[in-house]
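Take a look at the structure below.
These figures come from a predicted structure and were not determined experimentally. Protein chains get the first letters and strands the later ones, always in sequence-line order, with residue 1 at the start of each. Scope of the values below: all heavy atoms of this structure, side chains included, with no hydrogens, waters or symmetry mates.
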Protein chains: 2
Amino acid sequence: MEKYFEILRACALFEHIEQQDIFGMLACLGAKAKEYSKKQVVFARGQPARYVGVVLSGSVRIEQLDYSGQRGIVSTCQPADIFAESFACAGGATLPVSAVCARDSSVLLIDSARIMAPCDSSCHFHRQLIYNLMKIIAAKNIRFHRKLDIISRRTTKEKLLAYLSYMAAENNSRSFYIPFSRQELADYLEVDRSGLSVRISRLKKEGMLECDKNFFCLLGETAEGT
Amino acid sequence: MEKYFEILRACALFEHIEQQDIFGMLACLGAKAKEYSKKQVVFARGQPARYVGVVLSGSVRIEQLDYSGQRGIVSTCQPADIFAESFACAGGATLPVSAVCARDSSVLLIDSARIMAPCDSSCHFHRQLIYNLMKIIAAKNIRFHRKLDIISRRTTKEKLLAYLSYMAAENNSRSFYIPFSRQELADYLEVDRSGLSVRISRLKKEGMLECDKNFFCLLGETAEGT
DNA sequence: TCATTTTTGTTGAATTTTCAACATACAATA
DNA sequence: TATTGTATGTTGAAAATTCAACAAAAATGA
């Protein structure tokens, strides 16, 4: 377990918790590290959502069943990533997804009820842990909200402009670098890559946009202030 | 303030907190009820996100600025609804949206730092409050995730089937009633209403679907178990 | 019951996207 | 430097969406 020290330190769940306190706290929470081999199931769809998972090594995929019964990958979690936290914290319900190891992996399991339960020793780490968990879930919420706002536009052009104006707001500037390749941007916007290219080209011609690789600059009547 | 008793009782934030404890706790948290007139701003875009809001009366709109400077309504909050909680709990950042009263309203403001801070009297309501807040945010997260999964499909047919299979899973049955009119369903799926009608008709003809008004039944090779 | 309003389904035209195939530019590496 | 492979832009055809206008059906209310 101690060999995963660096991983735990990098995990947002343990931010601002002193290194020497982490293991004591995990013991207090009854957290357990478990080893899984490739394709083994960590959480199965339908079982009650109790545990928060932290990937210690390997990689874990969150999978979902399609309406046609097709398996779909919701996300892939790498070491230091936390998963199933929303389900565990939303209370009660059963898992609508499964967590399956993409290869041999080691996972830390923490009972969400223990996280929320009163702690006898009233360790202040515990409070920080709750705060961290809240922050993680709230931040994810904001990301989802933003993506939803972007994806819900009807056309590629609108999606792109919505995304770019978010980036502009984030950078306090109309010029910025995006963290995506064209293919990745298309994936994020949930549109066809070549169609996206066409759209970017046209926006350039129309003078609404300048860009070179990952650098973008919004031009024209694009409002900013107010 | 006491006149809003019923509203507070209906608010998810105060679930499982004894009625007689609510006001004491609010005092302990330094929560304040404020009156606003129509169009007055509760939270302004750009200011630090500190407070969680609870609508006591009237109605509050969460507004956002478009890339073209257009105002867009993200959501409308009715009495007992809570708003700005994700921003307040995600830590640090400034608000990317504004909260504006759609009419004369009364709003309860609670400092999120006080919610998370250690409570001297260590009231157990406080713990329940944190738990409730976590649950609210996590549940919203799941709703967002689901909607994202649906909306990110490329075609209306796929969006519809994704939505319907979520409903089927939720009801443990291929037959169920949906809580939307056609127009509302189209809005939820972010597609054109008439186009949606066309799609539903075709799916009926193809024998994949039966439906009558709000009643739907998935047919055919739609997998369910496993 | 009748009249009115709202909701839903249908149609065709215009727009847009997707998809496949290909050309070019760029990057990595032998 | 030449070669190879990846990323990006371009094109045209097929498919899907949006949009506007209208018709039919259902709900509402006088």
Side-chain angles (χ1 to χ4, degrees), chain A residues 66-68 70 72 147-165 167 175-219, chain B residues 66-68 70 72 147-165 167 175-219:
Chain A
D66 215 66
Y67 54 87
S68 60
Q70 280 281 303
K147 178 151 183 181
L148 214 35
D149 180 41
I150 292 169
I151 300 301
S152 62
R153 316 281 166 146
R154 302 293 167 90
T155 67
T156 299
K157 173 184 172 184
E158 281 185 312
K159 288 177 193 179
L160 176 64
L161 287 177
Y163 170 72
L164 293 178
S165 58
M167 291 303 287
S175 314
F176 47 84
Y177 290 85
I178 68 171
F180 293 136
S181 70
R182 286 290 182 277
Q183 180 63 63
E184 289 167 334
L185 179 59
D187 288 343
Y188 181 81
L189 300 179
E190 309 283 0
V191 298
D192 179 70
R193 181 197 59 76
S194 69
L196 174 62
S197 271
V198 170
R199 240 59 224 182
I200 290 177
S201 300
R202 189 178 303 179
L203 284 171
K204 273 167 142 179
K205 268 190 207 134
E206 292 170 355
M208 298 194 61
L209 197 63
E210 268 179 26
C211 80
D212 182 50
K213 313 208 179 184
N214 290 3
F215 175 81
F216 281 78
C217 184
L218 286 169
L219 304 172
Chain B
D66 215 66
Y67 55 87
S68 60
Q70 280 282 304
K147 177 150 182 180
L148 213 36
D149 179 41
I150 293 169
I151 300 301
S152 62
R153 316 281 165 145
R154 302 294 168 89
T155 67
T156 299
K157 173 183 170 184
E158 281 185 312
K159 287 177 194 179
L160 175 64
L161 287 177
Y163 170 72
L164 292 179
S165 59
M167 292 303 286
S175 314
F176 47 84
Y177 289 84
I178 68 171
F180 294 134
S181 70
R182 287 290 182 276
Q183 181 63 62
E184 288 168 334
L185 180 58
D187 289 343
Y188 181 81
L189 299 179
E190 308 284 0
V191 298
D192 179 70
R193 181 197 59 77
S194 69
L196 174 62
S197 270
V198 170
R199 239 59 225 185
I200 290 177
S201 301
R202 189 177 305 179
L203 284 171
K204 274 167 141 178
K205 267 191 208 132
E206 291 170 355
M208 297 193 64
L209 197 64
E210 268 180 26
C211 80
D212 182 52
K213 314 211 180 184
N214 289 4
F215 175 81
F216 281 78
C217 184
L218 287 169
L219 306 173

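- Listed here is the closest heavy atom pair of A:Ile200 and A:Arg182: CD1-NE, 3.6 Å.
- Between the OH atom of B:Tyr188 and the NZ atom of B:Lys159 there is a distance of 12.0 Å, given to the nearest 0.5 Å.
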Notebook entry, point to check: What does nucleotides 8-18 of chain D look like as a protein-contact string, B for base, S for sugar-phosphate only, - for none, at under 4.0 angstrom between heavy atoms?
Noted result: BBBB----SSB
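- The side chain to side chain contact (heavy atoms under 4.5 Å, CB included) test with A:Leu160 singles out one residue from A:Leu189, A:Ile150, A:Val191, and that residue is A:Leu189.
- Under the 6.0 Å cut-off for aromatic ring centres, A:Phe216 and A:Tyr177 do not qualify, their centroids lying 6.0 Å or more apart.
- Here the SG atom belonging to A:Cys211 is positioned 8.0 Å from the CD1 atom belonging to A:Ile178, to the nearest 0.5 angstrom.
- Using a 4.0 Å cut-off between charged side-chain N and carboxylate O, B:Glu190 and B:Lys147 make a salt bridge.
- With rounding to the nearest 0.5 angstrom, the CG atom of A:Asp192 is 12.0 Å from the CZ atom of A:Arg199.
- Bending across the helix from C:dT1-D:dA30 to C:dA30-D:dT1, expressed as the angle between its end axes from five pairs apiece, amounts to 40° (10° rounding).
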